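Just so it is clear, the model here is predicted, and its values are computed rather than measured.
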Amino acid sequence: MPKKRSGGGLSPTQQAAKFLGVSVLAGAVLAGIALPAFGALGLAAKGSVESFDELPANLKTPPLSQRTTILDSEGGLIATVYSRDRTVVDLKSVSPYMQKAIVAIEDSRFYEHGAVDLKGVLRALNKNVQSSGVSQGASTLTQQLVKNVAVEEAGDDPTKVAQATQQTIGRKIKELKYAIQLEEELSKKKILENYLNITFFGEQAYGVEAASQRYFSTHAKNLTLPQAALLAGIVQSPSRYDPVNDEAEATKRRNTVLKRMAEVGDISEAEAATAQQAPLGLKVKKPKNGCITAVQGASFFCKYVERVFRNDPVFGKTKEERAKVWNQGGLTIRTTLEPQAQKSVQSSLKDHVYKSDKVAAAATLVEPGTGKILGMGQSKPYGYGKNETEYNYSVNASMGGSNFGFPTGSTFKPFVAAAALEEGRPANQSYSAPYQMPYPDTVQTCSSKPWTNDGRPKYTLENESESEKGPYQLQKAMELSVNTYFVQMLADIGMCPVVKMTDKLGVVQGNGTKVPEVPSSMTLGSTGLSPLTMASAYAAFASRGMYCTPIAIESITQTVGGTKKSLEVPKSTCSRAMSEKTADTINTLLSGVVDSGTGKQAGLSGRDNAGKTGTTDSRKNAWFVGYTPNLSGAVWVGSATQKVEMTNIYIGGRYHGEVYGGDTPGPIWRDAMTGALKGKEATPFNRVFIPKPPEKDRGDNNGNGNGNGNRDNNGDDNGDDGGFLSGLLTNGGNTNGGNTNGGNANRGTNGGFFQGQSNGNDNSGGRG
């Protein structure tokens with residue numbers, strides 16, 4: 001019985017016998033003999049196949065994975081991404097030196113033999129027996145191509161890669177049959193071309209063009225003799241012969257290739273000697289893979305584009321199908337990102353917030369009427385180190401953002417106003433709006449079950465300053481961002497109109513769910529939303545009521561097998577969210593915010609603009625969302641962890657006793673918008689006239705009319721213009737509304753604004 005080596009492996013005699021068995025097998029295949037006749041060779045052993053004839057007739061060659069190029073709207077490069085850094089080239093675009101070098105060192109009889117080189121098999125067998133090991137293989141370039149195809153098909157799945165490269169007779173049988181097929185169907189030059197494009201050259205470079213760029217910063221067609229010999233030598237063991245990490249070993253291997261080229265007559269001995277004396281001459285380009293390399297701070301937008309591709313069914317029915325297309329690459333993706341806008345966004349963020357600050361900032365710009373994302377950035381760079389993050393604070397969680405978004409504060413109030421206007425409330429609507437008040441006892445929801453103020457004690461709210469106490473009409477309440485006013489408005493119209501409005505505006509929480517029907521969420525912005533959501537919603541105001549879903553991709557072409565084809569891309573869906581009159585009214589109201597309200601520090605000069613500030617409890621978040629007729633933008637400043645209270649804090653080198661939406665995100669918005677709009681047309685809004693109501697409509701009269709303005713016990717308006725507050729604040733109703741604090745509002749009758757809240761002669765009615 002033959003002895004095993006001490007390490008447990010096969011003895012040289014056993015290795016020779018095994019290799020001889022494979023060699024005989026190869027000869028049998030070439031002779032067209034069915035493999036079952038060679039059962040004595042043990043082909044039914046684990047890892048083999050049962051029958052040569054049972055193998056599929058054709059080798060399924062997958063398209064070679066290539067790099068994907070992501071471009072801005074003007075065709076400028078944003079980033080290059082790939083699972084395989086490869087650029088497929090024709091053989092005529094490969095240096096003749098390279099073609100000769102790879103053949104000489106890998107398969108010198110390539111042009112003379114068929115799929116299997118029996119002479120090479122015998123030579124390798126002899127070498128291996130003499131060396132008491134496996135020092136030389138016998139696979140032809142065609143066989144190696146087949147194996148590389150299997151590896152390519154396996155992708156990044158380690159199990160499949162192992163199966164594609166396992167040293168079993170079964171795999172060899174498949175390799176042989178497919179090699180025969182390729183030799184029958186393709187010319188030698190085409191086989192060589194395919195091999196040079198598919199093989200791995202180390203340093204993340206697949207194919208000869210990528211390798212030429214990686215090691216020498218040149219094209220494959222320009223490779224010199226020494227350069228070509230170096231690359232050809234790497235193929236056998238990319239890690240061992242890596243010239244970047246082991247120049248001496250790589251030089252030794254290169255010189256072996258040059259010697260072999262001289263032996264087979266491709267070059268002269270003198271040429272080989274001269275080339276062997278040449279330095280390696282590396283001019284290495286570092287791999288630039290992935291969105292982390294994106295220009296102008298567009299890394300987060302780049303990742304957003306990738307997530308759009310991986311998530312949208314337009315690119316494939318299943319997640320796996322979409323991932324396969326993305327990993328295959330060869331895509332040229334032209335995006336909506338506008339270079340001028342992106343540069344302005346990033347510059348503004350850098351000027352106002354440092355990456356080392358305790359808080360972060362994110363900004364997104366969207367084009368009204370199209371939904372195109374023109375700019376997206378944040379103060380903390382994309383990455384995994386200190387003061388870096390991989391989370392995109394501008395988008396929802398499903399697209400790489402935070403889990404819930406960020407509470408928006410008073411930037412939510414325009415949605416309430418728009419809903420009220422759509423319900424028929426006048427643009428000069430007035431409410432008592434006290435400094436402090438309890439939330440109403442009940443507020444109607446979209447279901448039959450109303451929201452109930454069941455806190456013990458009852459939930460209350462107050463305005464930012466004690467000086468803010470009504471009565472106020474809508475324009476002034478919006479300018480000053482009066483909390484109690486908008487809670488009263490919500491109680492008046494109910495929450496369902498607001499829900500319908502936010503649904504039409506694409507407003508969802510950062511986790512993708514609907515905004516909860518509670519007054520604090522429906523008025524004061526206690527729910528987390530993303531800057532992209534807010535910028536897109538406000539864009540509907542700018543476009544006179546048309547909401548367009550955000551889009552990031554303009555077009556995609558894919559190169560497969562040298563052929564380019566266009567792919568379908570997601571389209572923005574535009575729909576009417578509100579009437580033009582409502583949108584024009586909101587634009588007029590929000591223009592006042594930047595003219596003389598809380599957003600004065602954000603106002604633009606030389607063009608119509610509008611916006612709204614927002615600051616949340618404990619100043620953990622500050623917002624400014626604003627727009628012109630041709631650009632909408634949202635800026636958030638805060639802590640991603642929601643643990644930093646922005647009081648007595650330095651942001652961007654500036655001290656803030658208390659952060660407000662107008663003084664921190666406001667200037668970021670102003671500078672970002674100014675740069676993005678430079679040179680663009682200053683389109684005006686379609687403003688509306690908002691009359692001031694007569695003094696008597698502010699609650700100073702005793703109205704007892706049951707006509708146009710009476711409100712019945714169910715809270716329904718029975719008239720056109722008057723008394724929808726049941727005489728409490730207007731000229732209708734049956735109560736004594738003479739005092740601004742409500743007068744004698746009676747529970748359960750026409751006198752109380754909040755159903756069941758007013759209690760006898762107290763101030764509750766007025767506070768409503």
Side-chain angles (χ1 to χ4, degrees), residues 69-81 291 293-309 332-351 361-379 381-382 392-395 399 530-540 542-543 546 548-557 569-572 574 604 606-609 611 624-635 668-683:
T69 304
I70 300 178
L71 308 174
D72 61 35
S73 62
E74 297 179 1
L77 179 66
I78 294 176
T80 300
V81 299
C291 291
T293 66
V295 300
Q296 292 293 350
S299 295
F300 297 101
F301 176 78
C302 176
K303 289 299 292 184
Y304 179 81
V305 169
E306 179 180 341
R307 286 182 178 270
V308 168
F309 195 100
T332 300
I333 303 176
R334 186 180 285 262
T335 71
T336 60
L337 196 75
E338 189 178 83
Q340 179 179 327
Q342 179 63 23
K343 182 179 180 181
S344 184
V345 165
Q346 207 57 37
S347 176
S348 181
L349 287 166
K350 186 177 180 180
D351 287 346
T364 297
L365 303 182
V366 172
E367 185 175 66
T370 67
K372 293 179 181 179
I373 302 171
L374 304 186
M376 179 182 287
Q378 58 195 55
S379 59
Y382 183 88
N392 185 348
Y393 300 144
S394 286
V395 301
M399 303 302 287
S530 72
L532 177 57
T533 294
M534 294 299 289
S536 299
Y538 272 50
S543 61
M546 292 298 293
C548 298
T549 56
I551 55 169
I553 299 173
E554 292 266 28
S555 65
I556 299 179
T557 58
V569 299
K571 304 294 183 183
S572 177
C574 297
L604 304 179
R607 63 176 69 240
D608 278 5
N609 63 115
F624 189 86
V625 188
Y627 54 93
T628 67
N630 48 0
L631 188 62
S632 176
V635 177
I668 297 174
W669 180 89
R670 179 196 63 214
D671 293 352
M673 292 284 285
T674 299
L677 290 168
K678 186 177 181 180
K680 306 292 176 66
E681 182 181 359
T683 309

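Gln296 contributes atom CD, which lies 9.5 Å from atom CG of Asp72 (distance to the nearest 0.5 angstrom). Note that CG of Leu604 and CH2 of Trp669 are 4.0 Å apart. Values are rounded to the nearest 0.5 Å. To the nearest 0.5 angstrom, Leu631 atom CG is 11.0 Å from Thr683 atom OG1. Note that OH of Tyr304 is 4.0 Å distant from CD1 of Ile373, once rounded to the nearest 0.5 Å. A distance of 8.5 Å separates CD1 of Ile668 from CG of Asp671, quoted to the nearest 0.5 Å. The structure places CG of Leu374 at 6.5 Å from OG1 of Thr336, a figure rounded to the nearest 0.5 Å.
Checking side-chain atoms of Ser299 against main-chain N and O of Cys291 turns up a donor-acceptor pair under 3.5 Å. Between the side chain of Thr674 and the backbone N or O of Arg670, at least one donor-acceptor pair lies under 3.5 Å. Distance alone, capped at 3.5 Å, is enough to place a donor-acceptor pair between the Ser572 side chain and the Thr370 backbone. With hydrogens and angles ignored, the 3.5 Å screen pairs no side-chain donor or acceptor of Asp608 with any backbone N or O of Pro629. Counting only distance, with no hydrogens or angles, the side chain of Ser394 and the backbone of Pro531 share no donor-acceptor pair below 3.5 Å. The backbone N or O of Thr549 lies less than 3.5 Å from no partner atom in the side chain of Ser536, so there is not a single donor-acceptor pair. Although no hydrogens or angles enter the test, the distance criterion places no donor-acceptor pair under 3.5 Å between the side chain of Glu554 and the main chain of Thr335. In this structure, the side chain of Ser543 engages the main chain of Ala539 through a donor-acceptor pair within 3.5 Å. The closest donor-acceptor contact from the side chain of Gln342 to the backbone of Met376 lies under 3.5 Å. The closest donor-acceptor contact from the side chain of Gln340 to the backbone of Lys678 lies under 3.5 Å.
Across all non-hydrogen atoms, the minimal contact from Gly369 to Cys574 is O-SG, 3.9 Å. Here the shortest heavy-atom pairing between Arg334 and Glu74 reads NH1-C, 3.3 Å. Considering all non-hydrogen atoms of both residues, Val308 and Pro570 come closest at CG1-CG, 4.3 Å. Residue Tyr627 comes nearest to Ala542 through the heavy atom pair CD1-CB, 3.5 Å, listed as atom of the first residue, atom of the second, then distance. Here the shortest heavy-atom pairing between Ile70 and Cys302 reads CD1-SG, 3.6 Å. Across Thr293 and Ala79, no two heavy atoms sit closer than the pair OG1-CB, 4.1 Å.
For the side-chain hydrogen bond (donor to acceptor under 3.5 Å, both in side chains) test, no residue two or more places apart in sequence or in another chain qualifies with Gln378.
Taking 4.0 Å as the cut-off between side-chain N and carboxylate O, Glu338 and Lys372 do not count as a salt-bridged pair.
Between Leu71 and Leu77 the shortest side-chain heavy-atom distance falls below 4.5 Å. Using a 4.5 Å heavy-atom cutoff, the side chains of Leu532 and Asn392 are not in contact. For the pair Leu365 and Met673, the minimum side-chain heavy-atom distance is below 4.5 Å.
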Do Val569 and Lys571 pass the side-chain contact (heavy atoms from CB on, under 4.5 Å) test, and can you show the C-alpha distance, the side-chain angles, and the key distance before you say yes or no?
CA-CA 6 Å; Val569 299; Lys571 304 294 183 183; 3.9 Å; yes
